[in-house]
Amino acid sequence: MILDTFSLRGKIAWITGASYGIGMAIATAFHEAGATIVFNDINQELVDRGLNSYREKGIPAKGYVCDVTSEPQVQALVKRITEEVGVIDILVNNAGIIRRIPMTEMSAEEFRKVIDVDLNAPFICAKAVIPQMIEKGHGKIINICSMMSELGRETVSAYAAAKGGLKMLTRNICSEYGEKNIQCNGIGPGYIATPQTAPLRERQPDGSRHPFDQFIVAKTPAARWGTTEDLMGPAVFLASDASNFVNGHILYVDGGILAYIGKQP
Ligand code: NAP
Ligand code: GCO
């Protein structure tokens with residue numbers, strides 16, 4: 001039956017940086033589709049916060065502290081997951097940071113930090129899981145890209161460079177390992193209401209909506225910000241057998257932003 005191809009029963013999924021936000025929503029969707037959930041975050045406080053949230057949802061997730069920019073930590077984590085849980089079938093490279101700084105005011109160190117988390121880390125994590133996926137005969141890698149994989153805007157030079165690179169890393173993993181039955185795709189969320197975008201939505205002192213909030217809603221045919229729930233179905237699709245012939249694709253879940261010139265002011 002076609003719906004069976006969307007099942008994740010028997011699969012082990014590792015979602016990076018999934019103590020809250022988009023990562024937690026994707027992990028929740030995977031659990032509901034039958035997967036065993038493993039996540040990491042950068043410190044114990046966040047991991048504990050995530051474990052409490054998963055427990056409240058009835059999700060027996062396992063959480064680990066790991067800085068995804070550290071190859072030794074990632075390699076050690078994958079070994080530990082394999083020993084304690086099993087071989088990873090699905091990797092979601094979700095962990096990310098953004099620094100909104102005008103480029104000429106951004107230090108090279110700040111630029112490198114964003115590239116390290118948003119681009120180097122997905123490379124490190126994918127490199128760590130691909131060998132066991134090859135051995136097992138299948139694997140799914142989902143990279144969380146962005147509108148900034150396609151578009152630029154003021155103050156996000158490092159983030160756009162990283163997410164643009166992540167789009168091409170996605171295509172290259174597809175190209176290099178597709179014959180090993182590994183599908184590597186991206187999800188490009190539009191503007192989603194999470195802590196990361198809270199500064200762009202906060203009310204002004206006079207109680208009016210943030211100018212960027214008004215701008216994005218006018219740029220989105222759906223005329224709203226996305227929610228983390230909007231990403232759940234697309235993520236299950238890309239993690240399941242339903243997408244076994246979909247590879248190297250960035251699935252934009254953006255309410256139509258990329259198709260739309262924007263509402264006349
Ligand atoms: P987020 O604040 O970007 O959360 C990402 C998570 O990753 C946080 O828990 C963060 O910890 C963690 N993290 C950061 N650096 C890490 C590291 N070195 N090692 C391990 N974990 C690390 O929240 P989000 O909005 O849910 O974004 C999730 C992903 O979606 C990101 O890749 C983001 O770029 C992407 N995205 C977001 C939107 C949006 O509108 N929200 C749209 C498109 C794409 P900290 O809390 O300590 O930072
Ligand atoms: C920004 C936002 C965006 C979103 C997302 C859009 O400052 O423009 O943070 O970058 O996070 O990446 O897809």
Side-chain angles (χ1 to χ4, degrees), residues 14-28 39-51 53 63-74 77 92-102 112-125 142-167 169-170 186-202 210-213 215-216 219-220 224-232 234-235 250-258:
W14 170 32
I15 305 95
T16 68
S19 294
Y20 61 88
I22 289 171
M24 174 162 281
I26 290 174
T28 300
F39 76 101
N40 74 288
D41 221 303
I42 195 156
N43 59 49
Q44 192 61 52
E45 182 186 353
L46 278 170
V47 170
D48 292 343
R49 167 182 163 184
L51 286 170
S53 300
Y64 300 90
V65 176
C66 175
D67 176 349
V68 290
T69 65
S70 162
E71 185 159 39
Q73 287 189 37
V74 168
L77 175 60
V92 179
N93 279 309
N94 167 78
I97 63 173
I98 192 166
R99 297 291 180 268
R100 300 184 183 96
I101 306 169
R112 271 194 290 267
K113 179 64 181 171
V114 175
I115 298 293
D116 210 17
V117 179
D118 295 3
L119 180 56
N120 294 344
F123 158 78
I124 290 169
C125 294
I142 300 171
N143 294 321
I144 306 300
C145 296
S146 161
M147 292 288 93
M148 276 56 225
S149 295
E150 300 294 341
L151 303 170
R153 84 174 185 85
E154 300 79 2
T155 77
V156 295
S157 59
Y159 186 83
K163 294 297 189 179
L166 187 56
K167 172 176 72 173
L169 177 63
T170 301
I187 288 177
Y191 279 82
I192 312 295
T194 72
Q196 190 245 52
T197 55
L200 306 175
R201 289 177 283 109
E202 60 193 11
H210 192 295
F212 195 88
D213 174 8
F215 165 68
I216 280 301
K219 277 285 286 179
T220 307
R224 65 173 175 88
W225 283 73
T227 66
T228 57
E229 288 71 25
D230 289 320
L231 301 167
M232 295 169 80
I250 312 300
L251 178 55
Y252 287 100
V253 185
D254 66 353
I257 293 178
L258 286 178

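Order of appearance sets the numbers: ligands from 1, and atoms from 1 within every ligand.
The protein heavy atom nearest to atom 12 (C) of ligand 1 is D41 OD1, 3.3 Å. Of all protein heavy atoms, the one closest to atom 22 (C) of ligand 1 is A95 CB, 3.8 Å. The nearest heavy-atom contact from the protein to atom 31 (C) of ligand 1 is N94 O, 3.1 Å. The protein non-hydrogen atom at the shortest distance from atom 19 (N) of ligand 1 is V68 N, 3.1 Å. The nearest heavy-atom contact from the protein to atom 6 (C) of ligand 1 is G17 O, 3.3 Å. Looking only at protein heavy atoms, the nearest one to atom 8 (C) of ligand 1 is Y20 OH, 3.4 Å. Protein heavy atom at the shortest distance from atom 30 (O) of ligand 1 is I144 CG2, 3.3 Å. For atom 5 (C) of ligand 1, the nearest protein heavy atom (residue, atom name, distance) is G96 O, 3.6 Å.
Using a 4.0 Å cut-off between heavy atoms, D118 makes no contact with ligand 1 at all. Residue-level proximity to ligand 2 for R153 is carried by the side chain, the only part with a heavy atom below 4.0 angstrom. Contacts with ligand 1 closer than 4.0 Å are made by no heavy atom of A121, backbone or side chain. In I42, the parts holding a heavy atom less than 4.0 Å from any atom of ligand 1 are both the side chain and the backbone. Only side-chain heavy atoms of I97 come within less than 4.0 Å of ligand 1; its backbone N, CA, C and O stay farther off. The proximity of T194 to ligand 1, defined as any non-hydrogen pair under 4.0 Å, is limited to the side chain. Counting heavy atoms closer than 4.0 Å to ligand 1, residue M147 contributes nothing at all. At a heavy-atom cutoff of 4.0 Å, ligand 2 is contacted by the side chain of L200 but not by its backbone. Only the backbone of C145 comes within contact range of ligand 1, with a heavy atom under 4.0 Å; no side-chain atom does. Contact annotation: for P189 versus ligand 1, heavy atoms closer than 4.0 Å belong to both the backbone and the side chain. Of the heavy atoms in T16, none comes closer than 4.0 Å to ligand 1. In I22, the parts holding a heavy atom less than 4.0 Å from any atom of ligand 1 are both the side chain and the backbone.
Close approach of ligand 1 to G190 (heavy-atom distance below 4.0 Å) involves ligand atoms 40 (O), 42 (C), 43 (C). Within ligand 1, the atoms closer than 4.0 Å to a non-hydrogen atom of T197 are 39 (C), 40 (O), 41 (N), numbered from 1 in the order shown. For ligand 1, the atoms sitting less than 4.0 Å from at least one non-hydrogen atom of D67 are 17 (C), 18 (N), 19 (N), numbered in the order shown with element in parentheses. Near R100, with a cut-off below 4.0 Å to any heavy atom, the atoms of ligand 2 are 1 (C), 2 (C), 7 (O), 9 (O). Atom numbering of ligand 1 starts at 1 in the shown order; those under 4.0 Å from a heavy atom of L46 are 11 (O), 45 (P), 46 (O), 47 (O). The atoms of ligand 2 that sit less than 4.0 Å from any heavy atom of Q196 are 4 (C), 9 (O), 11 (O). When each atom of ligand 1 is checked for a heavy atom of G21 under 4.0 Å away, the hits are 26 (O). Heavy-atom contacts of S146 reach the following atoms of ligand 2: 5 (C), 6 (C), 12 (O), 13 (O) (cutoff under 4.0 Å). Atoms of ligand 2 found under 4.0 Å from any heavy atom of P189 (numbered from 1 in listed order, with element): 13 (O). Ligand-side atoms of ligand 2 in range of I98: 7 (O), 9 (O), 10 (O), range being under 4.0 angstrom from any heavy atom. Taking a cut-off of under 4.0 Å to the non-hydrogen atoms of Y159, the atoms of ligand 2 that pass are 5 (C), 10 (O), 11 (O), 12 (O). Residue V117 has at least one heavy-atom neighbour below 4.0 Å for each of these atoms of ligand 1: 15 (N). Residue-ligand proximity, C66 to ligand 1, at heavy-atom distances under 4.0 Å covers atoms 19 (N), 20 (C). In summary, the atoms of ligand 2 found under 4.0 Å from a heavy atom of Y191, numbered by their order in the structure, are 1 (C), 2 (C), 3 (C), 4 (C), 6 (C), 8 (O). Counting the atoms of ligand 2 from 1 in the order shown, those under 4.0 Å from a heavy atom of M147 are 6 (C), 13 (O). Within the listing of ligand 1, atoms 20 (C) sit less than 4.0 angstrom from a heavy atom of N40.
A distance of 14.5 Å separates NZ in K163 from CG in L151, rounded to the nearest 0.5 Å. In this structure, the separation between CD1 on I15 and CG on D41 is 12.0 Å, given to the nearest 0.5 Å. One finds the CG atom of L119 at 14.5 Å from the CZ atom of R112 (value rounded to the nearest 0.5 Å). Atom OH in Y20 sits 12.5 Å away from atom OG1 in T228 (nearest 0.5 Å).
Using a 4.5 Å heavy-atom cutoff, the side chains of L77 and V74 are not in contact. Using a 4.5 Å heavy-atom threshold, the side chains of F39 and V47 count as touching. Using a 4.5 Å heavy-atom threshold, the side chains of V68 and I124 count as separate. In this structure, F212 and P199 have side chains that are not in contact, with every pair of non-hydrogen atoms separated by 4.5 Å or more. N120 places a side-chain heavy atom less than 4.5 Å from the side chain of I115.
With hydrogens and angles disregarded, a donor-acceptor distance shorter than 3.5 Å links the side chain of T197 to the backbone of I192. Without hydrogens or angle criteria, N143 side chain to G186 main chain gives no donor-acceptor distance under 3.5 Å. Without hydrogens or angle criteria, N93 side chain to T16 main chain gives no donor-acceptor distance under 3.5 Å. With R100 contributing its side chain and E154 its backbone, the two residues share no donor-acceptor pair below 3.5 Å.
Between D254 and M147, the closest heavy-atom pair is CB-CE, 3.3 Å. For the pair A235 and I142, the tightest heavy-atom approach, listed with the atom from each and the gap, is O-CD1, 3.7 Å. When every heavy atom of D118 is checked against every heavy atom of I97, the shortest pair comes out as OD2-O, 2.6 Å. When all heavy atoms are compared, the tightest approach of S53 to M24 is CB-CE, 3.4 Å. Smallest separation of non-hydrogen atoms from Q73 and D67: OE1-N, 2.8 Å. Looking at every heavy atom in both residues, I187 comes nearest to I250 through C-CG2, 4.5 Å.
In this pair, W225 and Y191 present their aromatic rings perpendicular. The plane angle is above 60°, beyond the 30 to 60° band.
Geometrically, ligand 1 and Y159 share a nitrogen or oxygen pair separated by less than 3.5 Å. Close N/O approach between G190 and ligand 2 is found [any backbone or side-chain N/O within under 3.5 Å]. Between Y191 and ligand 1, a contact under 3.5 Å exists for no N or O pair.
Between the side chains of R224 and T220, no donor-acceptor pair is found at a separation under 3.5 Å.
When the shell of 6.0 Å around CD of E229 is examined, it contains more than 12 heavy atoms from other residues, nucleotides or ligands.
Within the structure, ligand 1 lacks M24 among the residues with a heavy atom less than 4.0 angstrom away.
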